[in-house]
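Because only heavy atoms are used, hydrogens play no part in the values below, and waters and symmetry mates are left out as well, while side chains stay in.
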Amino acid sequence: MIQVSEIYTDTPTELTTAVQEQAYQAMDELKISFERVATDEVITMEDCLQINERLDMNMVKTLFLCNRQQTNFYLFVTRGDKPFRSKDFSKALEIARVSFASEERMAELLGTQIGAATVFSVLIDPEKKVQIVFDQDVVNDQWYGCSDGTTTGYLKIATKDIVEKLLPYSKHDLTIIEV
């Protein structure tokens, strides 16, 4: 069992990663309301169950994928309870089969470690090396639950604020697929 703090609605006093810093700065600038919790280190979707309960939402699953040549990268966001099938993802985008990108590429391109992949990584990708792909089911949900760029901070945000404010602010295009 992991420890989950009470709910906060302000920026943490100590920011530990560039992504986390950019996330809170962007939410402040874009006037995006959020609720957050601090936790023990969380890596798996099973670890997220207590966070979901505390924040009364469902955490998204954020996967960092690439093609075989490691020239095309995708940040795929789907429901936390939905299994990932590379074949279905590739078919929906009409691309060759993808696999998980390496931990090193994740650190380089997303600025996060395993367990902390987040849509907020778009804020440190001005060259748009990573394509953002959302599952239609995520877009349909009222709340978007994700990491703040760490494995110990988690957010609840209105999904429309991610789609209508954050992604346009980052200048990243959003591709929505059904899988």
Passing option when F134 is tested against V119, T175, N140 for side chain to side chain contact (heavy atoms under 4.5 Å, CB included): V119
Separation between CG of N58 and CG of D137, rounded to the nearest 0.5 Å: 11.5 Å
Distance-minimising heavy-atom pair for D161 and I157: CB-CG2, 4.1 Å
Spatial distance of atom CE (M27) from atom CG (L123) [nearest 0.5 Å]: 9.5 Å
Closest approach of M59 to I51 (non-hydrogen atoms, all atoms of both residues): CE-CG2, 3.5 Å
hydrophobic_cluster_shared for L109 and I95, side chain cutoff 4.5 Å: no
hydrophobic_cluster_shared for M57 and V60, side chain cutoff 4.5 Å: no
Criterion ring pair (Phe, Tyr, Trp, His ring centres under 6.0 Å) on F34 and Y24, from CA distance to verdict: CA-CA 10 Å; F34 64 88; Y24 288 101; 5.5 Å; yes
Co-membership, hydrophobic cluster, residues I114 and M45, 4.5 Å side-chain: no
Rounded distance (nearest 0.5 Å) linking atom CG of L30 with atom NZ of K165: 7.0 Å
Criterion side-chain contact (heavy atoms from CB on, under 4.5 Å) on V42 and C48, from CA distance to verdict: CA-CA 7 Å; V42 172; C48 293; 3.8 Å; yes
Any donor-acceptor N/O pair, K156 side chain to L55 backbone, under 3.5 Å: yes
Test log, rule side-chain contact (heavy atoms from CB on, under 4.5 Å), inputs Y144 and V138: CA-CA 7 Å; Y144 186 94; V138 169; 3.9 Å; yes
Rounded distance (nearest 0.5 Å) linking atom OG1 of T78 with atom CZ of F76: 4.0 Å
Reported CG-to-CG distance for the pair D47 and N52, which is rounded to 0.5 angstrom: 11.0 Å
Side-chain donor or acceptor of E21 paired with backbone N/O of T17 under 3.5 Å: no
Greater than 12 external heavy atoms within 6.0 Å of D88's CG: yes
Heavy-atom side-chain contact between Q142 and T159 under 4.5 Å: no
Test salt bridge (Lys or Arg N to Asp or Glu O under 4.0 Å) applied to D135 and K61, step by step: CA-CA 10 Å; D135 183 331; K61 183 186 304 181; over 6 Å; no
Heavy-atom donor-acceptor pair, R54 side chain to V4 backbone, under 3.5 Å: yes
side-chain contact (heavy atoms from CB on, under 4.5 Å) between V130 and V122, intermediate numbers included: CA-CA 8 Å; V130 179; V122 297; over 6 Å; no
Check: I124 main-chain N/O paired with Q22 side-chain donor or acceptor under 3.5 Å: no
F73 side chain near L65 side chain, heavy-atom distance below 4.5 Å: no
Residues, nucleotides or ligands: over 12 heavy atoms within 6.0 Å of K82 NZ: yes
Check: F100 ring centroid to F64 ring centroid under 6.0 Å: no
Backbone N/O of S121 and side chain of T118: donor-acceptor pair under 3.5 Å: no
D148-Q20 side chain donor-acceptor pair, cut-off 3.5 Å: yes
Audit row: D10, R36, side-chain contact (heavy atoms from CB on, under 4.5 Å) steps and yes/no: CA-CA 8 Å; D10 59 349; R36 71 173 178 87; 3.5 Å; yes
Salt bridge present between D141 and R79 (N-O < 4.0 angstrom): yes
Heavy-atom closest contact (T9 atom, E35 atom, distance): CG2-CG, 4.2 Å
Closest heavy-atom pair and its distance - V163, P168: O-CD, 3.3 Å
SB check D125 K129 (cutoff 4.0 Å): no
CD/Q69: more than 12 non-hydrogen atoms of other groups inside 6.0 Å: yes
Over 12 foreign heavy atoms within 6.0 Å of CD, E103: no
Pairwise side-chain contact, T112 with F120, heavy-atom cut-off 4.5 Å (strictly under): no
Spacing of L63 atom CG and M106 atom CE [to the nearest 0.5 Å]: 8.5 Å
same_hphob_cluster(W143, I32) at 4.5 Å side-chain heavy-atom cutoff: no
Polar side-chain atom of R97 near backbone of S90 as donor-acceptor pair, under 3.5 Å: no
Heavy-atom closest pair, residues Q70 and R105: O-NH2, 3.5 Å
Linked, directly or transitively: L49 and Y154 (ILVMFWY side chains, under 4.5 Å): no
Side-chain (T151) to main-chain (E41) donor-acceptor, under 3.5 angstrom: no
Taking every non-hydrogen atom, the tightest pair across G153 and T39: N-OG1, 4.4 Å
Residues, nucleotides or ligands: over 12 heavy atoms within 6.0 Å of D173 CG: no
